[in-house]
Amino acid sequence: MTQLLDSIGQIADQFDAIVLDQWGVLHDGSAPYPAALDALEILRNCPAKIGVLSNSGKRAAPNLNRIASMGFDRTSFDCVMTSGEALWQSFASGQAKARTFFPIVGKPGDAETWADGLNLSMTHVVSNADAILLMGMPDGTALDAYDTQFHAAQAKGLPLYCSNPDFTSPRGGGQYVISPGALAKRYSDMGGTVHLFGKPHHPIFAAMETALGCVPERILMVGDSLHHDILGAQIAGWANLLIRIGIHAPDIHSNAISNDIAALAKANTMPPPDFSLADLR
């Protein structure tokens, strides 16, 4: 049964590292959660290292800059790891082999910024590419917006590299938009080959363990997604804490919160999280 907490301070001293999801835990995509700012002050006074583990298509440094621009003290974090960083490292090490990408991004120039330091090129003609790079898309993009390009890419046998496997992302006012993971699944359903980087897949958790210098059983993952944050932590052998104001808020609404969480976990064919907070506080 999930243990319900009033504050992360109740368990902070049990861990050598506390790793926070970004969207849905620290901020809503537009502004910080006020309680999260206070929680980081609590965590600064505990001995645990503090990390951020995000399914962001961008690299780690731009994400730290974004967090800082929202009012968070960048010195609060010992390590930032993103799925975009993990993908970049995969190409830098030679594990991934594609060299010419058809990019799908949230803003023009995102792909070129991400690829800085790598021997890669971008093309907006699918027939000239040897892979698809899926980093993001503008808010409001329809799920079928890239069907024409996907059919052409699938016919050519192009793999898709997705640097953000989230299906949805929060925006201000409690709104959610579809995220690249949903688009990657659509390509997979068409028969395309998809390579996903980020939570819940184990490599990004292993990379974080190395960066923090901590063993799995001494790390706590704090996230708002059962499918990405909590399941990934369970696979990695980390303790885990579900934030309830995030994407699962509509399904956790009765007085029997632990029962609601257990039902959600069962529906996702996974164990329930170890701990839960209404929000990061």
Side-chain angles (χ1 to χ4, degrees), residues 1-15 17-43 46 48 50-55 165-179 181-182 185 198-202 205 216-281:
M1 185 68 72
T2 300
Q3 181 181 346
L4 304 182
L5 304 175
D6 296 317
S7 166
I8 195 167
Q10 292 175 245
I11 59 170
D13 61 357
Q14 298 178 23
F15 302 98
I18 298 173
V19 178
L20 309 171
D21 180 34
Q22 188 173 335
W23 278 265
V25 174
L26 292 175
H27 60 77
D28 66 2
S30 302
Y33 296 120
L37 291 167
D38 295 334
L40 282 171
E41 288 303 313
I42 295 173
L43 294 176
C46 77
I50 307 301
V52 175
L53 188 62
S54 175
N55 276 0
D166 282 350
F167 291 111
T168 61
S169 296
R171 293 296 182 262
Q175 300 298 310
Y176 281 80
V177 298
I178 64 168
S179 287
K185 183 179 185 302
K199 301 170 290 185
H201 308 288
H202 185 255
F205 289 86
E217 58 270 21
R218 296 288 297 172
I219 304 175
L220 173 70
M221 177 77 220
V222 180
D224 73 317
S225 168
L226 284 171
H227 179 72
H228 295 106
D229 305 310
I230 306 305
L231 178 61
Q234 290 172 345
I235 293 170
W238 297 10
N240 46 87
L241 185 159
L242 177 69
I243 296 296
R244 300 194 296 274
I245 62 167
I247 61 174
H248 299 300
D251 301 304
I252 306 174
H253 49 71
S254 75
N255 291 328
I257 293 173
S258 291
N259 290 340
D260 286 349
I261 293 173
L264 272 175
K266 183 177 181 180
N268 283 273
T269 62
M270 59 182 285
D274 299 316
F275 309 99
S276 181
L277 271 170
D279 53 14
L280 182 62
R281 61 177 60 223

Study note, to complete from the structure: Note: Pro216 and Ala236 closest approach over all heavy atoms is CB-O, 3.4 Å
Review point. Is Asp21 salt-bridged to Lys199, cutoff N-O under 4.0 Å?
Key: yes
Practice item. Keeping the roles fixed (side chain from His248, backbone from Leu264), state whether a donor-acceptor pair exists under 3.5 Å. Key: no
Point to revise | Non-hydrogen atoms of Ala12 and Cys46 that approach each other most closely | key: CB-SG, 4.1 Å
Practice item. I would like to know whether Phe205 and Ile219 meet side-chain contact (heavy atoms from CB on, under 4.5 Å); could you show each step before the answer? Key: CA-CA 10 Å; Phe205 289 86; Ile219 304 175; over 6 Å; no
Exercise for review: Find the distance between OG1 (Thr269) and NE2 (His227) and round it off to the nearest 0.5 Å.
Suggested key: 9.5 Å
**Study point:** Gap between atom CD1 of Ile245 and atom CG of Leu280 - 0.5 Å precision
**Key:** 8.5 Å
Check your understanding: With no hydrogens and no angle check, is any side-chain donor or acceptor of Asp229 less than 3.5 Å from a backbone partner on Asp224?
Key -> yes
Review point. Is there a side-chain contact between Asp260 and Ile257, using heavy atoms and a 4.5 Å cut-off?
Key: no
Review point. So do Leu242 and Ile252 actually touch side chain to side chain, heavy atoms under 4.5 Å?
Key: yes
Review point. Once you round to the nearest 0.5 Å, how far does CG of Asp13 lie from CD1 of Ile18?
Key: 9.0 Å
Check your understanding: Between Phe275 and Gln10, is any pair of side-chain heavy atoms under 4.5 Å apart?
Key -> no
Point to revise | His228 side chain to Pro165 backbone, donor-acceptor under 3.5 Å | key: yes
Point to revise | Where at least one partner belongs to residues 266-279, residue pairs that pass salt bridge (charged side-chain N to carboxylate O under 4.0 Å, His left out), sequence neighbours excluded | key: Asp279-Arg281
Review point. Rounded to the nearest 0.5 Å, how far does CG of Asn240 lie from CD of Gln234?
Key: 5.0 Å
Review point. Is Asp38 close to Ile42 at the side-chain level, that is, under 4.5 Å between some pair of heavy atoms?
Key: no
Point to revise | Test item: Asp28 and Tyr33 side chains (from C-beta on) under 4.5 Å apart, heavy atoms | key: yes
Show which side-chain atoms of residues 1-8 pair as donor or acceptor with protein atoms under 3.5 Å away, not counting sequence neighbours.
residue	atom	partner	partner atom	Å
Thr2	OG1	Pro273	O	2.7
Ser7	OG	Gly9	N	3.0

Study note, to complete from the structure: Tightest non-hydrogen contact, residues Gly246 and Tyr176, listed as C-OH, 2.9 Å
Review point. What is the minimum heavy-atom distance between Thr168 and Ser179, and which atoms define it?
Key: C-OG, 3.2 Å
Check your understanding: Does Val25 reach the side chain of Val52, with side-chain heavy atoms less than 4.5 Å apart?
Key -> no
Point to revise | Side chain proximity check, Ile11 to Leu241, heavy atoms < 4.5 angstrom | key: yes
Review point. What are the two closest non-hydrogen atoms of Ala239 and Ala233, and how far apart are they?
Key: O-CB, 4.2 Å
Point to revise | Full working for side-chain contact (heavy atoms from CB on, under 4.5 Å) between Asp166 and Trp23 | key: CA-CA 10 Å; Asp166 282 350; Trp23 278 265; 5.9 Å; no
Exercise for review: Grab the two heavy atoms, one from Leu226 and one from Met270, that are nearest each other, plus how far apart they are.
Suggested key: O-CE, 3.5 Å
